[in-house]
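Numbers for residues simply follow the sequence, beginning at 1. Quantities reported herein were computed from a predicted structural model and do not represent experimental measurements.
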Amino acid sequence: MSSAGRRRRGTSSIAPSPTSSSSPSGRPEQRPSQLPQWKFSQVLGDLPPAAAGGRRNGPAALQDAADEISAIEFDARGEYLAAGDHAGRVILFRRADEDEARPQARPRAELERADRAGVPPPPRYSFATEFQSHEPEFDMLHNLEIGEKIKRVRWCARPNRSLCMLATNDRTVKLWKVSEHKAPKKGDGEPRRRSTSTAASLPLREPRSERATTKPRGSSADSAELIEKVGDVGDGYSAKCRRVFDRAHEFNINSISNNCDGETFVSADDLRINLWHLEVTSQCFNIVDLKPADMQDLVEVITTAEFHPSSCSLLAYGSSSGRVRLVDLRRSALCDQSVRTFRDREGRPQPSTFFSEIISCITDLKFTGEGRYLLTRDYMNLKLWDMRVGTSPVATYKVHEFLRPKLSELYTEDYIFDRFSCCASKDGSYFATGSYSNTFKVFSRTAVQTTGTTLEASANPYRVQPQTSAKIPALLSNFSLGVSRKGQDSLRSDGKEEIPCNLASRITHLAWHPTENFIVCAANNSLYMYHT
């Protein structure tokens with residue numbers, strides 16, 4: 001990795017004045033017909049142009065693809081926020097409310113406005129540390145390059161003050177332990193072991209030899225190996241790779257999910273779902289297998305998998321055919337028969353076209369309302385399901401309906417394969433999902449209207465977006481859309497109608513705070529946060 005990729009992310013924070021509006025917690029919205037007003041809270045991860053340009057030349061200095069965020073996740077208490085990027089790094093942000101609660105840490109005018117409002121300020125986060133989780137590898141057996149991009153980050157239960165999390169790239173899942181320690185004062189005994197002048201400024205790199213020298217469970221590592229696997233990754237933090245779960249997937253991993261029992265998790269690829277124990281890396285159990293005897297008979301692939309939040313035996317997984325299957329691990333070792341299948345038979349477009357299967361592919365799913373509802377996202381819609389009814393969703397929230405006439409152009413440029421995630425509040429009253437033009441949408445389960453609220457990832461979320469088109473190559477001019485046009489205002493120079501959004505700028509990753517109405521969304525290399 002280049003020196004630019006090793007640098008620590010710069011952070012900036014912009015916080016508005018506290019307001020008097022607040023949202024109830026644990027109860028449905030009192031006024032179902034009114035959506036909450038969302039306000040900008042802060043932005044994290046902006047790289048100063050001087051710092052970025054000092055290492056590179058040209059326009060690439062302001063936008064590094066390696067810094068693009070690829071996964072975000074809150075811990076169970078909302079104290080920490082983890083973000084993974086394309087360079088294989090995991091960045092941790094810590095809630096800074098306690099430090100800012102001191103009078104000397106906040107301006108007097110802001111304290112006076114907070115007192116008049118009578119409500120606590122929204123959560124604020126600051127940079128804690130970062131470490132190198134994955135590095136590029138090469139699979140000699142399949143002659144395949146494996147990238148370092150972080151696909152998913154999942155927090156594990158905290159047995160003590162240390163933080164534990166799972167991070168995965170395309171083939172390997174790693175269990176990391178991040179500990180916070182206090183720097184010893186002068187004269188308070190011997191300095192900590194392994195502290196060097198450069199250890200705190202460089203991200204931790206796991207030695208490549210660790211995969212071959214991983215010892216069985218119960219064995220203790222010698223001091224030399226311990227020094228290699230543990231290192232200082234930031235001011236007051238140290239990270240250690242405790243387990244490496246690899247060599248179990250033939251295809252790329254698309255999701256991981258922790259079980260509520262605190263001991264197991266699943267990793268899913270295109271054809272299989274494997275069940276792991278957090279303490280065992282030498283073996284796993286294959287619980288779902290869609291691989292046919294002849295690959296020409298393959299009709300669907302697995303796209304995502306998620307454990308039930310309170311029942312450790314229930315697992316839901318989505319597929320490219322638009323189905324979501326709920327399986328019970330108690331019924332059989334191989335869950336080839338589902339307990340319930342969720343499929344919207346009434347909402348499928350008729351007649352079926354070439355693009356019907358593509359746009360119905362499930363890209364993400366989440367359990368909401370303490371496991372009573374299931375939230376699924378495909379390319380066009382966000383759907384809410386009752387766990388007791390699998391024939392039709394409770395509600396369908398349209399996200400990209402305006403793009404339906406443009407499916408041929410989206411398919412040509414591969415935009416139709418974009419994977420958008422979704423998230424939900426703790427009580428399941430509100431949902432959010434990403435879209436194009438650097439926007440995302442928030443919906444309410446109890447609201448009368450299903451159009452939702454469109455917000456932009458910027459300091460002014462309600463700013464009206466102009467109808468701009470993406471920079472689409474001239475190849476698209478060869479396609480005739482066959483759409484009736486009432487005017488010539490939106491025509492290009494070649495006579496074709498422009499796509500009414502910026503396809504190159506999209507919000508694909510979002511996370512909802514576990515206890516408050518607080519959303520964080522990833523826009524390139526920045527995290528934008530909003531509260532009610």
J.: Side chains of Phe431 and Lys366: closer than 4.5 Å at any heavy-atom pair?
T.: no
J.: Between Tyr125 and Phe518, is there a side-chain heavy-atom distance shorter than 4.5 Å?
T.: yes
J.: Parallel, tilted or perpendicular, judged at 30° and 60°: which one describes the rings of Phe93 and Phe127?
T.: perpendicular
J.: After noting the C-alpha distance and the side-chain angles of Phe417 and Ile358, does the key distance pass the side chain to side chain contact (heavy atoms under 4.5 Å, CB included) rule?
T.: CA-CA 8 Å; Phe417 300 104; Ile358 301 178; 3.9 Å; yes
J.: Do Tyr430 and Asn517 come within less than 4.5 Å of each other through their side chains, counting heavy atoms only?
T.: yes
J.: In this structure, which one of Thr433, Asp364, Thr363, Thr304 forms a side chain to side chain donor-acceptor pair (under 3.5 Å) with Arg377?
T.: Thr433
J.: Just wondering, do Phe265 and Arg154 contact through their side chains at under 4.5 Å, heavy atoms?
T.: no
J.: Roughly how far apart are Phe402 CZ and Ser435 OG, rounded to 0.5 Å?
T.: 5.0 Å
J.: Please tell me whether His509 and Ser70 have a donor and an acceptor in their side chains that are separated by less than 3.5 angstrom.
T.: no
J.: Any donor and acceptor pair, going by atom type alone, linking the side chain of Asp378 with main-chain N or O of Gly322 inside 3.5 Å?
T.: no
J.: Out of curiosity, Ser41 OG to Arg124 CZ, how far, rounded to the nearest 0.5 Å?
T.: 7.0 Å
J.: What's the spacing between Glu413 CD and Asp418 CG if we round to 0.5 Å?
T.: 11.5 Å
J.: State, without any angle test, whether Ser133 and Trp176 hold a side-chain donor-acceptor pair at a distance under 3.5 Å.
T.: yes
J.: How about Ser321 and Ser319: does a side-chain donor come under 3.5 Å of a side-chain acceptor?
T.: yes
J.: Check whether any side-chain heavy atom of Leu290 sits under 4.5 Å from a side-chain heavy atom of Val301, and report yes or no.
T.: no
J.: Find the distance between CG (Leu166) and SG (Cys164) and round it off to the nearest 0.5 Å.
T.: 9.0 Å
J.: Applying side-chain contact (heavy atoms from CB on, under 4.5 Å) between Tyr317 and each of Thr303, Ile362, Val288, Leu365, report the one that passes.
T.: Val288
J.: Quick one: does Phe245's side chain get under 4.5 Å of Thr168's, heavy atoms only?
T.: no
J.: Check the pair Phe440 / Tyr528 against ring-ring contact (aromatic ring centres under 6.0 Å, His included), numbers first and verdict last.
T.: CA-CA 11 Å; Phe440 63 99; Tyr528 288 86; 9.4 Å; no
J.: If you take all heavy atoms of Ala522 and Ile72, which pair is closest and at what distance?
T.: N-CD1, 4.2 Å
J.: One pair to check against side chain to side chain contact (heavy atoms under 4.5 Å, CB included): Ile146 and Thr172. What are the steps and the verdict?
T.: CA-CA 9 Å; Ile146 302 176; Thr172 304; over 6 Å; no
J.: Report yes or no: does Asn438 contribute a side-chain atom to a donor-acceptor pair with the main-chain N or O of Ala457 at less than 3.5 Å?
T.: yes
J.: Do Arg158 and Arg77 pass the side chain to side chain contact (heavy atoms under 4.5 Å, CB included) test, and can you show the C-alpha distance, the side-chain angles, and the key distance before you say yes or no?
T.: CA-CA 10 Å; Arg158 296 177 60 174; Arg77 296 185 295 187; 2.4 Å; yes
J.: Assess whether salt bridge (Lys or Arg N to Asp or Glu O under 4.0 Å) is satisfied between Arg95 and Glu516, documenting all intermediate values.
T.: CA-CA 13 Å; Arg95 187 165 179 171; Glu516 303 183 31; 3.1 Å; yes
J.: Quickly, which of Asn502, Leu503, Val399, Thr508 forms a side-chain contact (heavy atoms from CB on, under 4.5 Å) with Tyr436? Name it, please.
T.: Leu503
J.: Going by atom types alone, do Ser162 and Ser179 pair a side-chain donor with an acceptor below 3.5 Å?
T.: yes
J.: Which heavy atom in Ile519 sits nearest to a heavy atom in Ala432, and how many Å separate them?
T.: CD1-CB, 4.0 Å
J.: Might you point out which heavy atoms bring Lys398 and Phe443 nearest each other, and give the distance in Å?
T.: O-CZ, 4.2 Å
J.: Can you tell me which residue among Arg152, Arg272, His249, Arg171 is in a side chain to side chain donor-acceptor pair (under 3.5 Å) with Ser267?
T.: His249
J.: Could you tell me if the ring centre of Trp38 sits under 6.0 Å from that of Tyr530?
T.: no
J.: Looking at every heavy atom in both Leu510 and Gly434, which two are closest together, and how far apart are they?
T.: CD1-N, 3.3 Å
J.: Return the minimal non-hydrogen interatomic distance between Ala87 and Gln132, and the atom names on each side.
T.: O-NE2, 2.8 Å
J.: Using 0.5 Å steps for rounding, measure from the CZ atom of Phe40 to the OG atom of Ser458.
T.: 8.0 Å
J.: Do Glu250 and Lys291 pass the salt bridge (Lys or Arg N to Asp or Glu O under 4.0 Å) test, and can you show the C-alpha distance, the side-chain angles, and the key distance before you say yes or no?
T.: CA-CA 11 Å; Glu250 185 179 354; Lys291 185 176 182 180; 3.5 Å; yes
J.: Looking at side-chain heavy atoms only, is the closest gap between Thr353 and Leu407 below 4.5 Å?
T.: no
J.: Kindly check if the number of other-residue, nucleotide or ligand heavy atoms within 6.0 Å of CZ (Phe355) is above 12?
T.: yes
J.: Is a side-chain donor or acceptor of Ser255 paired with a backbone partner of Ala305 at a separation under 3.5 angstrom?
T.: yes
J.: Do Val244 and Thr281 have side chains that approach each other closer than 4.5 Å (heavy atoms only, starting at C-beta)?
T.: no
J.: Quick one: pull up CG in Leu163 and NZ in Lys177 and give me the separation to the nearest 0.5 Å.
T.: 10.0 Å
J.: Applying side chain to side chain contact (heavy atoms under 4.5 Å, CB included) to Phe367 and Leu374, what does each step give before you reach the verdict?
T.: CA-CA 5 Å; Phe367 286 96; Leu374 187 65; 3.8 Å; yes
J.: Is it the case that more than 12 heavy atoms not belonging to Glu401 sit under 6.0 Å from its CD atom?
T.: yes
J.: What are the two closest non-hydrogen atoms of Gly262 and Leu278, and how far apart are they?
T.: O-CD1, 3.6 Å
J.: Who are the salt bridge (charged side-chain N to carboxylate O under 4.0 Å, His left out) partners of Asp170, not counting sequence neighbours?
T.: Lys151
J.: Please check this pair: side chain of Asp75 against backbone of Tyr80, looking for a donor-acceptor N/O pair closer than 3.5 Å.
T.: yes
J.: When you check the side-chain N and O atoms of Asp427 and Ser425, is any donor under 3.5 Å from an acceptor?
T.: yes
